[in-house]
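I am attaching a structure below and will ask some questions about it afterwards.
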Amino acid sequence: MALVMETTKKKVLVTGAAGFIGSHVSQSLLKQGYQVLGLDNLNDYYDVQLKRDRLKWFDGESAFEFVQLDLANREGMADLFSKHRFDVVVNLAAQAGVRYSIDHPHAYADSNLVGFLNVLEGCRNGGVQHLLFASSSSVYGENKKIPFAVEDRVDHPISLYAATKKSNELMAHAYAHLYDFKVTGLRFFTVYGPWGRPDMAYFSFTKAISEGKSIDVYNHGKMQRDFTYIDDVVEAVTRLVVKEPAASYKIYNIGNHSPETLMNFIESIESALGKKAEKNFLPMQAGDVPATYADVQDLMADVDFKPNTPLQEGIQHFVGWYRNYYDA
C-alpha cells in the first residue's frame, strides 16, 4: 500500500471483521500501526469456513483481538463499549445482499437497523471520535442521472436492503448532529476480489463456469456495474480512517468510476478461466438496477485517491485465488 502514516496506537473497532471487506480493512489498519478489535457474529449467510480462514490471517498478531458477537445483541454491544475505549469505529457488519432481503426481511431489520443503532449508541456513550460505516450504491435506487453523486437525492430505494442502508445514513446523520462525533458514510460499489463473498455474481459465475455449468444472465446481459477491486476499497477506507475528518458528517462514493457491461464482466471471467460460459438469458430480477456509476470527486479531493484497478486485472487476481483456495 502506498499510504504510510504515523499513528499513536489508536484503537479501532472493526465490525464484520471476518467478512470480505472487514478482514482486509483490519489487516490494513494493523499495518498502519493501529490496535484492532475485530467483531463478527460468524453467521451462516455464506460459508462460515471462509470467514474462519480469513481470521487465520491474524493468528499471532498481538495488536488484533477478535470477539464473536452479534450487533443486534444490545447488552453485549453495550458491554463491549464499556470495556474498551475505541478512538475509531469502522462498521462493516451488515446483512448483505439485495435478493436475500426479499425473502428474509427480518434479518435486515435485526442487523442493519437494530444492530446499527447499537453501534451508534456505543459510539455516543463510549466517547468515540470518528465512526465510519458501510452504506451501498444500492441507495441510488431508481436514480436516472449518472454518474451517481453523493449530492443526489436517494429517496427511491427498490429493495429492503437499500432502504436499510439509506436508513443507516439518516440515523448516523442524526447522531452526528446530536452527540458531536464525526461520521463518515461509505457507499460501496460492487466490491470484488480474492477472498470475496460466494453470493456475489463474479464468485458464482467463476464456480459454475469452472464446473461446466450454465450461468443465469439477468436483464439479458444489458446491465452495467461499477466494479471496485478490494485493494482499492481498502486503500480508500484506510485513508479515510487516518485522515482527520473536517466535516461532522460526510458521505463518499467508493467506486471505480468506470462502469462495465455485464457481458464484458462475463468475458473477463471466461478469459481468466480459459473457458466459455453457457448462458441462460433471463429478465431483470426484482430489486436490481440497470446501472451503477460512481462520481468520486469528493474522495479524490479529500484523500487524493480514487479506485483505478482495471476489471480484467482484478478478475485475474480473483480467479487465481479461487483456483488456489478451492484447488480448482
Side-chain angles (χ1 to χ4, degrees), residues 1 14-29 40 45-47 50-51 54 90-101 112 132-140 147-148 150 159 161-162 164-165 168 184-206 223-241 251-260 262 265 268-269 288-289 291-296 299 303 305-322 325:
M1 178 181 287
V14 178
T15 73
F20 176 34
I21 300 176
S23 57
H24 284 85
V25 167
S26 296
Q27 197 173 48
S28 174
L29 294 176
D40 204 291
Y45 171 63
Y46 63 80
D47 183 13
L50 179 59
K51 299 178 182 183
R54 293 183 189 124
V90 184
N91 184 60
L92 301 172
Q95 179 56 60
V98 169
R99 284 180 283 279
Y100 191 76
S101 69
N112 300 6
L132 301 93
F133 70 96
S135 185
S136 167
S137 62
S138 66
V139 301
Y140 289 105
F148 297 153
V150 293
S159 70
Y161 170 68
T164 63
K165 287 301 183 180
N168 288 170
T184 301
L186 311 164
R187 290 178 179 167
F188 294 125
F189 282 68
T190 315
V191 185
Y192 74 100
W195 295 94
R197 282 175 25 213
D199 63 310
M200 297 288 284
Y202 70 93
F203 205 117
S204 59
F205 284 179
T206 299
M223 297 209 287
Q224 290 185 311
R225 289 291 181 270
D226 204 343
F227 296 100
T228 314
Y229 189 60
I230 182 62
D231 289 4
D232 290 336
V233 170
V234 171
E235 178 76 7
V237 174
T238 303
R239 285 175 180 247
L240 288 166
V241 170
I251 298 283
Y252 293 94
N253 285 334
I254 313 293
N256 219 47
H257 190 65
S258 179
E260 297 275 355
L262 180 55
F265 168 65
S268 295
I269 297 173
D288 266 350
V289 297
T292 63
Y293 184 179
D295 180 325
V296 293
L299 185 68
V303 296
F305 177 76
K306 68 175 289 292
N308 56 17
T309 300
L311 178 64
Q312 293 73 17
E313 178 183 330
I315 288 294
Q316 285 282 356
H317 290 318
F318 168 74
V319 169
W321 168 82
Y322 179 90
Y325 184 80

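Since this is a predicted model, take the numbers as computed values, not measurements.
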Using 30° and 60° as the class limits, which term best fits the ring planes of W321 and Y325: parallel, tilted or perpendicular?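 The rings of W321 and Y325 lie parallel, inter-plane angle below 30°.
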
Grab the two heavy atoms, one from G196 and one from R54, that are nearest each other, plus how far apart they are. O-NH2, 3.3 Å

Is the gap between the ring centers of Y192 and F318 under 6.0 Å?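 When the ring centroids of Y192 and F318 are compared, they turn out to be at least 6.0 Å apart.
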
Between the side chain of N168 and the main-chain N/O of F133, is any donor-acceptor distance below 3.5 Å? no

Is there a donor-acceptor pair under 3.5 Å between the side chain of S28 and the backbone N or O of H24?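 Flag not set: sc S28 to bb H24 has no pair under 3.5 Å.
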
Okay, side chain of R197, backbone of F20: is any donor-acceptor separation there less than 3.5 Å?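 Absent.
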
Just to verify, which of V25, L132, V14 counts as forming a side-chain contact (heavy atoms from CB on, under 4.5 Å) with V241? L132

S258 side, atom OG; K306 side, atom NZ - distance, nearest 0.5 Å: 7.5 Å

Heavy-atom donor-acceptor pair, D232 side chain to N308 backbone, under 3.5 Å: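 Yes, because the side chain of D232 sits within donor-acceptor range (under 3.5 Å) of the backbone of N308.
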
State whether a side-chain donor-acceptor pair under 3.5 Å links S137 with T292. no

Heavy atoms only: give me the nearest H257-P147 pair and the separation to one decimal.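 That closest heavy-atom pairing would be CE1-CG, 4.4 Å.
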
Short side-chain to backbone donor-acceptor contact, R239 and V303, under 3.5 Å: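 Yes, the answer is positive, given that a donor and an acceptor are paired below the 3.5 Å cut-off.
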
Looking only at heavy atoms, which two atoms of A236 and L299 are closest? And how far apart? CB-CD2, 4.1 Å

Can you sort out the partners of S138 under side-chain contact (heavy atoms from CB on, under 4.5 Å), two or more places apart, ordered by chain and number?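 side-chain contact (heavy atoms from CB on, under 4.5 Å) check on S138 returns S136, Y161, A162.
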
Taking atom CD1 of I230 and atom CD of E235, what is their separation to the nearest 0.5 Å?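 The distance works out to 12.0 Å.
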
Whether the side chain of N256 engages the backbone of D226 through a donor-acceptor N/O pair (distance < 3.5 Å, no angle test) should be reported.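 Looks like no, no N/O pair under 3.5 Å.
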
Heavy-atom pair with the smallest gap, counting every atom of A294 and N253: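 Of all heavy-atom pairs spanning A294 and N253, the closest is CB-CB, 4.1 Å.
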
Closest approach of L92 to A134 (non-hydrogen atoms, all atoms of both residues):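 Distance-wise, the nearest heavy atoms are CD2-CB, 3.9 Å.
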
What pair of heavy atoms forms the shortest contact from P198 to Y46, and how long is it?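 The answer is CD-CD1, 3.5 Å.
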
Test side-chain contact (heavy atoms from CB on, under 4.5 Å) on W195 and L50 and set out the steps. CA-CA 8 Å; W195 295 94; L50 179 59; 3.7 Å; yes

List the steps, then state whether side-chain contact (heavy atoms from CB on, under 4.5 Å) holds for H317 with Y229. CA-CA 10 Å; H317 290 318; Y229 189 60; 3.2 Å; yes

Does the ring center of F203 lie less than 6.0 Å from the ring center of Y322?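 Between Y322 and F203, which both carry aromatic rings, the centre distance is below 6.0 Å.
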
Can a cation-pi geometry be assigned to R187 and Y140, taking NZ or CZ under 6.0 Å from the six-membered ring centre and within 45° of the ring axis? yes

Hey, what's the ring geometry for F265 with F227, parallel, tilted or perpendicular (30° and 60° as the breaks)?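 F265 and F227: parallel rings.
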
Within the distance-only criterion (no hydrogens, no angle test), does the side chain of T228 pair as donor or acceptor with the backbone N or O of F189 below 3.5 angstrom?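 Flag set: sc T228 to bb F189 pair under 3.5 Å.
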
N91 (side chain) donor-acceptor with T15 (main chain) under 3.5 angstrom: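 Not a single qualifying donor-acceptor pair exists.
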
Side-chain touch V237/F188, heavy atoms, less than 4.5 angstrom: yes

